[in-house]
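Just so you know, these numbers come straight off a predicted model, no measurement behind them. Sequence lines set the chain letters: A, B, ... in the order given, protein chains first and strands last, and positions in each chain run from 1.
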Protein chains: 2
Amino acid sequence: MSESRSERIPAAERREQILDAAARVFGERGYAGTTTDQVAQAAGISQPYVVRMFGSKEKLFCELLLRARDSLETRLRAALARPEVKALDNQGLKRFLGRAYVDLVGEGDIVLPLAQGFLLGHDPVIGRYAREGFLDIYRLLRDEAGLSPEEVRDFLAGGMLLNTLLTLQMTGLYESDETARELLACAFGEKLDLVVAPTKAAP
Amino acid sequence: MSESRSERIPAAERREQILDAAARVFGERGYAGTTTDQVAQAAGISQPYVVRMFGSKEKLFCELLLRARDSLETRLRAALARPEVKALDNQGLKRFLGRAYVDLVGEGDIVLPLAQGFLLGHDPVIGRYAREGFLDIYRLLRDEAGLSPEEVRDFLAGGMLLNTLLTLQMTGLYESDETARELLACAFGEKLDLVVAPTKAAP
DNA sequence: GTCTATAAGTGGATAGAC
DNA sequence: GTCTATCCACTTATAGAC
């Protein structure tokens, strides 16, 4: 049923598996709160292999940060390139990009490591990475989307709230707590079911 | 010059000292990223004493969460009780409360543990505390301040952005990075100098 | 490409002296 | 009220076999 030794798989592919697993675990438990062994178990391999593949826990996390930032930037640029956006004013554009962000969030745990990274300002290496990533997104929204600083601020603020609700696992209270339900509905809007009833596509 | 053994001080007072120190350290490094020894050093006492005083690291952190929530609620209620607020519409009220929040943030590191707690949704005990605290604030803003769910959402979103900029230590880039300067100015507004040039009052 | 074994270090908590 | 000493569990990382 379960094999104690993993199938032999090309390194590049295994690397992606580990990154996926790591994004989930780090996204949920944070950098310091996650052990390399938890990542290994989530990826179905041994702990030393995780370390060997990325050199260190820190490097693995930085990799995650880069990946999350790239996904986000790619997604935002794709949204900006759509024809509908021509017809939108900045207010409408902000909403449109906001929906694109929620879509990305709902698709998996790619962005939560970013949210966790934002708490690591004190760390000499990860902190620098995280600040750079944050400012990159800021500039993208300002220069490529053409939003004013205030509009960018409001967009980012909304994103931070969504991140917080997710890492708080407020979504778990949706059924049982009326206040939570109201807040979640208001924050996620029409995209609510992406986070309260995460659809696992059939394989 | 420095005494290796601390002065003998009443427990209640020592308790406050430890809580202050712990708020700083936990606020900066997060729950898992902080050791009880770091707290002890910040408070100028021995590590076992910290544990003994609060029973465990977890209980100490929960205490911090409660304290931060109380401070925040007290501050918001005080703001709501001021005479000027009568003349404000909801938009103005939101801004007024926002300034009250920044004041509290600028006064010390009382609220950052809250921000760190919001990342601990996965933890069975701390997660519950943090969610409850978050919903408490939500209800206060909705029921006592009379804001609509959307207005509360926007207020909270703004707060989450401020928290993020703080824990990211973006303020450290104020001098050197133009983008960071623009973003910080936009996010903190007139209260900017509370966070970029923290004034330590002379004793 | 992947594992087992393990070294080396760290951290929370307890016991007991003063 | 506060410390020193210390235990034990856990964690990252390395070595080396297969």
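- Between A/K57 and A/D37, no side-chain nitrogen of the basic residue sits less than 4.0 Å from a carboxylate oxygen of the acidic one, so the salt-bridge criterion is not met.
- When atom types are taken as modelled, the side chain of A/Q38 and the backbone of A/T35 share a donor-acceptor pair closer than 3.5 angstrom.
- Atom CD1 in B/I18 sits roughly 15 Å away from atom P in C/dG12 (whole-Å rounding).
- When the C1' atom of C/dA13 is taken as reference, atom CG of B/D37 falls 13 Å away, rounded to whole Å.
- For B/F155, there are no ring pair (Phe, Tyr, Trp, His ring centres under 6.0 Å) partners at least two apart in sequence or on another chain.
- B/T167 and B/G27 make their closest contact through CG2-O, 4.1 Å (heavy atoms, listed as atom of the first residue, atom of the second, distance).
- DNA chain D lies under 4.0 Å from at least one heavy atom of each of the following residues of residues 38-53 of chain B: B/I45, B/S46, B/P48, B/Y49, B/R52.
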Pairs under 3.5 angstrom only: tabulate donor-acceptor contacts from the side chains of residues 110-124 of chain B to other protein residues two or more places apart or in another chain.
from   : atom 1 : to     : atom 2 : distance (Å)
B/D123 : OD1    : B/V125 : N      : 2.9
B/D123 : OD1    : B/I126 : N      : 2.9

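- The shortest distance between the side-chain N/O atoms of B/T36 and the OP1/OP2 oxygens of C/dG11 is not below 4.0 Å.
- Applying the ring-ring contact (aromatic ring centres under 6.0 Å, His included) test to residues at least two apart or on different chains, the pairs with a partner in residues 54-79 of chain A are A/F26-A/F61, A/Y31-A/F61.
- Running 5' to 3' along DNA chain D, contacts with non-hydrogen atoms of chain A at under 4.0 Å begin and end at D/dT11 to D/dG16.
- In B/R139, the CZ atom is crowded: over 12 heavy atoms of neighbouring residues, nucleotides or ligands sit closer than 6.0 Å.
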Only distances under 3.5 Å count here; give the side-chain donor-acceptor pairs of residues 74-81 of chain B to other protein atoms, sequence neighbours excluded, each with its distance to 0.1 Å.
from  : atom 1 : to     : atom 2 : distance (Å)
B/T74 : OG1    : B/D70  : O      : 2.8
B/R75 : NH1    : B/E107 : OE2    : 2.9
B/R75 : NH2    : B/E107 : OE1    : 2.9
B/R75 : NH2    : B/E107 : OE2    : 3.4
B/R77 : NE     : B/E144 : OE1    : 2.7
B/R77 : NE     : B/E144 : OE2    : 3.3
B/R77 : NH2    : B/E144 : OE2    : 2.7

